[in-house]
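First comes the structure, then the notes that go with it.
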Amino acid sequence: MLLYNSLTHNREEFVPNTPGRVKMYTCGPTVYHYAHIGNLRTYIMEDILEKYLRYCGYQVTRVMNITDVGHLSSDADTGEDKMLKGARREHKTVMEIAKFYTDAFFRDCQKLNIKIPEIVEPATGCIPEFIHLVEVLLEKGYAYLAGGNVYFDTSKLKEYYVFNKHEAENLVVGAREGVEEDENKRNKTDFVLWFTKSKFEDQELKWDSPWGIGYPGWHIECSGISIKHFGEDLDIHCGGIDNAFPHHTNEIAQSEAYLGHKWCNYWFHVLHLNTNSGKMSKSKGEFLTVSLLEEKGYDPLVYRLFCLQSHYRRSLVFSWEALDNAAAAYKKLVARIAAVDENEGTLEESGIEHFRAEFHEALGNDVNTSLGITVLYDVLKSNLNGCTKTALIQEFDTVLSLGLIAAARRMREENARKEAEAEAVSPEDQFIVDAIAARTAAKKAKNYAEADRIRDELKAQGITLIDTPQGVKWSRD
Ligand code: AMP
Ligand code: ZN
């Protein structure tokens, strides 16, 4: 498959280190609040990538961290720990907040048909691994102690700005965030590996370390958790585009300094979902969550379709109007599938390969999901029988995960229920149905006099019979 790699700025043929196997790492949520639908766009697109790789036959192992400590209000190691902020807001402990929002995150994932990675690791569960990493970085001369904290020394690297070389100056930490410079840093771009309580007295979760009681920096989490589960290499690392700098840049710096060689081959970054007024926020304006979509009557899978209709490397603007369009598109697609007779014919193997190739052309070309959806329409428009169409849609939906077959079955049941309701006869009208049956029988026996008598009798009661190709209908005057 062709995959755009942020590291090389090119679409490349994806080749994992071990043939047939893929090691995939995902930056997980910071569980201080609900995820907004922007965060979830990133997880939806990563989910598609994972499922497509599986569809291609790869054995994928996916690891995700849960950030429950160390992510400060600014990605540049300043401000308060986001978890502590959440705990204050809700008068709970940090661990209570972490549990509550981790569960909420996975519930959202489930509603959006996002598969939960086989390995999910909270940062607070890996403190010894982080300490070990920091110790090695100090030993190797890549880190230093200042003001009680341990910092990574970016001047020791041949190249620090691995993603956006030309933007180096714009991206300098502090300048970007408009926050105060940390006086302990030797270089502007240095970052914290381990905080001690000398800097943050009020941090709730703290651990003993060779440098005093404290807690890990945010970036070391992902290096530590990836190396713990995957060892010295990684095929794909994913996250939202905001993670590229400084988070992923710092992850690469510390992982490669620790390992002494290249760490991860492909970097998959999802562009942001924005609102008309700009950046999506959890504190300002409308807080767009999956629950809010549901409260407003949207099926969460409509939001999934909304995301799949555009390419992950384009930023996307959310509006209720755009979501309404996605809802209409979802309904239309499901209605088209509902109109297919699943039991028509048997599987036509010969007709399948052409559409599989089309699907690979779409998803295998840097995860072109909107083209993938077009393939569904091509299947529906084709001359394949109902059984084959259904099988193909079900197969492609293992990747797209729009719940299409189930939704179509529900729609068929709903339509049948409505039809039956419309045709249902009330007990008071049962005599009409019986009279019609008697008249039909009389006609069949060529007893036309009797048939006319029944019709006239009904007419006298104000009931008119109409003969149609679909059978006899009746109406009241
Ligand atoms: P966080 O919980 O803040 O650590 O973010 C979780 C994931 O959501 C990260 O991969 C972020 O890069 C990503 N993310 C944050 N904001 C957006 C957005 N507006 N659109 C898409 N992804 C986002
Ligand atoms: Zn991360």
Side-chain angles (χ1 to χ4, degrees), residues 6 24-47 49 62-75 79 81-83 85-86 97-98 101-102 104-106 108-109 112 114 117 120-123 126 130 163 191 216-230 234 236-255 263-264 267-290 303 306-307 310-318:
S6 309
M24 184 171 174
Y25 185 88
T26 294
C27 287
T30 309
V31 284
Y32 69 110
H33 218 323
Y34 293 107
H36 59 48
I37 58 172
N39 301 131
L40 291 160
R41 178 194 192 195
T42 292
Y43 295 110
I44 287 171
M45 301 319 289
E46 294 170 353
D47 181 62
L49 173 61
R62 180 125 173 250
V63 175
M64 180 195 272
N65 67 304
I66 297 288
T67 300
D68 53 1
V69 69
H71 193 176
L72 305 190
S73 296
S74 139
D75 286 358
D81 189 319
K82 289 187 179 186
M83 293 301 300
K85 239 178 160 170
I97 289 286
Y101 288 112
T102 302
F105 173 72
F106 287 127
D108 287 347
C109 287
L112 291 164
I114 297 170
V120 176
E121 185 87 89
C126 300
F130 306 149
F163 291 110
F191 55 92
W218 171 41
H219 316 298
I220 199 79
E221 272 180 29
C222 292
S223 296
I225 291 172
S226 174
I227 291 168
K228 174 179 172 179
H229 292 286
F230 289 135
L234 185 57
I236 307 177
H237 193 311
C238 348
I241 190 66
D242 59 308
N243 282 165
F245 185 85
H247 185 50
H248 292 162
T249 305
N250 292 349
E251 277 186 45
I252 293 174
Q254 66 206 1
S255 298
W263 175 44
C264 176
W267 289 81
F268 179 84
H269 287 124
V270 179
L271 270 283
H272 271 192
L273 178 77
N274 300 312
T275 63
N276 286 322
S277 52
K279 216 177 148 190
M280 193 142 296
S281 167
K282 298 188 183 185
S283 51
K284 284 176 242 128
E286 203 166 25
F287 184 5
L288 296 163
T289 59
V290 170
Y303 176 66
F306 170 74
C307 291
S310 64
H311 196 258
Y312 77 92
R313 281 203 299 114
R314 293 241 171 94
S315 49
L316 180 60
V317 176
F318 176 83

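Count residues from 1 along the sequence. Every number for a ligand or one of its atoms is a count from 1 in the order of the listing.
- Protein heavy atom closest to atom 12 (O) of ligand 1, with residue, atom name and distance, is Asp242 OD1, 2.4 Å.
- The heavy atom nearest to atom 22 (N) of ligand 1, considering only Thr67, Thr42, Ile66, is found in Thr42.
- At under 3.5 Å, not a single nitrogen or oxygen of Glu46, backbone or side chain, sits near a nitrogen or oxygen of ligand 1.
- Closest protein heavy atom to atom 6 (C) of ligand 1: Tyr43 OH, 3.3 Å.
- Judged purely by distance below 3.5 Å, without hydrogens or angles, the side chains of Ser315 and His272 never pair a donor atom with an acceptor atom.
- Ligand 1 is never approached by Lys279 to a heavy-atom distance shorter than 4.0 Å.
- Closest heavy-atom approach to atom 2 (O) of ligand 1 within the set Leu273, Asn65, Thr30: this belongs to Thr30.
- At the Zn ion (ligand 2), the angle from SG in Cys27 to SG in Cys222 is 130° when rounded to 10°.
- For Gly240, a nitrogen or oxygen atom sits less than 3.5 Å from a nitrogen or oxygen atom of ligand 1, counting backbone and side chain alike.
- Smallest separation of non-hydrogen atoms from Ala244 and Thr249: O-OG1, 2.6 Å.
- Ring geometry for His247 versus Trp218: interplanar angle under 30°, hence parallel rather than tilted (30 to 60°).
- Residue Asn39 places at least one N or O, backbone or side chain, under 3.5 Å from an N or O of ligand 1.
- Given atom 21 (C) of ligand 1, the protein heavy atom at minimum distance is Gly38 O, 2.8 Å.
- Here Phe163 and Phe245 keep their ring centres 6.0 angstrom or further from each other.
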